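Note that the structure is a prediction, hence the values are computed from the model and not measured. In each ligand, atom 1 is the first atom listed, and ligand 1 is the first ligand listed.
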Amino acid sequence: MPLTVWILGDQLLSPHPALQSLEKQVLRQEIILLLIESREQAQRLPYHAKKLVLLYSAMRHYADGLRAAGYRVDYRVASNITEAITSHWQEFRPNRLVTMAASSVRGRRFQQSLAQKLGIATHIIPNSQFLSGVYDPLPDVEPGQLVRQEQFYRGMRRQFKLLMDDQGRPVGGTWNYDQKNRQPLPKDLTPPEMIRFEPDALTKQVMVEVGQFDHLTGSAAGFDLAVTREGAQQAADDFYTHRLPYFGTYEDAMRQSAPVIFHSKLAAYLNIGLLTPLELVRAAEGCYYDGTAEINNVEGFIRQVIGWREYMYWQYQRLMPGLGAENYWGSANPLPTFFWSGETRMNCLRQVIQRVLDAGYVHHIERLMLLSNFCLLADIHPDQVYDWFSSAFIDAYEWVMAPNVYGMGLYADGGQIATKPYIASANYINKMSDYCLACSFDKNKRTGEHSCPFNFLYWHFLLKHQDKLRKNYRMARMLHNLKFLDDDEKAAVQAQAQRFVGAMDN
Ligand code: SF4
């Protein structure tokens, strides 16, 4: 009697851990691999067309690879997962189903319900796609105890011996290089072009199919991502060679003409298993030891992967489902429709939103300090922000978007994840980018005609939420500056912010 291994679409690992676990127990011919494209899942939100092309093409290429390796593969395009598993069961009559735990809470619940709901004997192996799933560096955390990213990150560095010397100290003598990093991009430094992948026949077929969905964000046209592990490894090599040597130094920089700057743009591959976190950070560490990248750039990248990415996953597993209902500021404004069109006079948001709608990608500082910053300052309801972020990005999955939006981006969780709300006025945006040069708003004006919305919204936010903000010592300096606004200025800021928010869609 055969057994079924159900491989989820975002678990395209090579080799797949479920197959590895069965290798010595079961003959390859006795295994049927099940992969499912669920149209119901695709309908859940207006996902980016390029995300679905990436996902489906990568799944189909992965299935072809398994067939070539001698496995029987049952690849199903179905209305929903339940229908696909039921019909698979009726056709193949396997004796049990083995699968790796889903990254999402909802997915795990579904897997756990299979035995009871469908009478299917199910064996769920632990998720090994995340390092914090393999080893928890903070095993004694009590429920409700705050664990900061820095503490988590240092635990991960020690556990995986990344950039650590023989005495257990960080290589280079310090844990972070913020002093050297986060510089604006010099005018005469041009970031390299991104590597592009020409779609093959299979990807072109997927592009046609996805192009027929009528509910999606953006377009499948112009798809140029890798869809196999080999392609994703090539993209990673391109990053190590051309962008890692500048990554940390300019990781917070923004430039209108350079969407990726020196970022890796590898999360879309990492999040579906084409790459693994450990191989990326080990390769980056190797670049430091080879002398091809300096420590501040390598440490900055390793921090993003085993610090922030893993921390987000770890927090998601701890804080869901409650995290998805948080609204610390009581924000209730609707997301402006220009998030779906890019049609706004604010040049920074226009450029970035149009880029998201086109490619499903902007780098992390544009997500945090432009998109999330605006939504927080404008008191947009967190659920609407979450839906937009989850829809619009090619690398969006629930485990990463829930902590990033409700925690990091909007501080809607009241500080369980981030140590402070990330808010900024035009001053910061102008310092770190060139967007303000081509904007019809005046970056220097707080109120009045042509004043930048980031300015009056910023001061309005400080005034409106000062009681809550005073509880956070990291906000003291920002709040101190409120003293320099007289009553008339405060009234003007509040009136203009309210007018602006009321007219965002007019
Ligand atoms: Fe953005 Fe304001 Fe600068 Fe315009 S002036 S680009 S709205 S920060």
Matching residue for Ile417 among Arg148, Gln315, Glu326 - test: side chain to side chain contact (heavy atoms under 4.5 Å, CB included):
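Running side chain to side chain contact (heavy atoms under 4.5 Å, CB included) over Arg148, Gln315, Glu326 with Ile417 returns exactly one hit, Gln315.
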Side-chain donor-acceptor pair under 3.5 Å between Thr249 and Asn297, yes or no?
yes
Step-by-step salt bridge (charged side-chain N to carboxylate O under 4.0 Å, His left out) determination, Arg39 to Glu37:
CA-CA 6 Å; Arg39 292 296 177 256; Glu37 280 178 28; 3.0 Å; yes
Kindly write out the residues that satisfy side chain to side chain contact (heavy atoms under 4.5 Å, CB included) with Pro336, not counting sequence neighbours, or none if the list is empty.
Phe338, Phe339, Phe374, Ile380, Met504, Asp505
cation_pi(Lys51, Tyr397) dist<6.0 Å, angle<=45:
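Yes - Lys51 lies over the ring of Tyr397, closer than 6.0 Å to its centre and within 45° of its axis.
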Distance under 6.0 Å and angle within 45° of ring axis: Arg303 vs Tyr153:
yes
Spell out the protein N/O/S atoms under 2.8 Å from atom 3 (Fe) of ligand 1 as residue plus atom name.
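Less than 2.8 Å away from atom 3 (Fe) of ligand 1 sit Cys436 SG.
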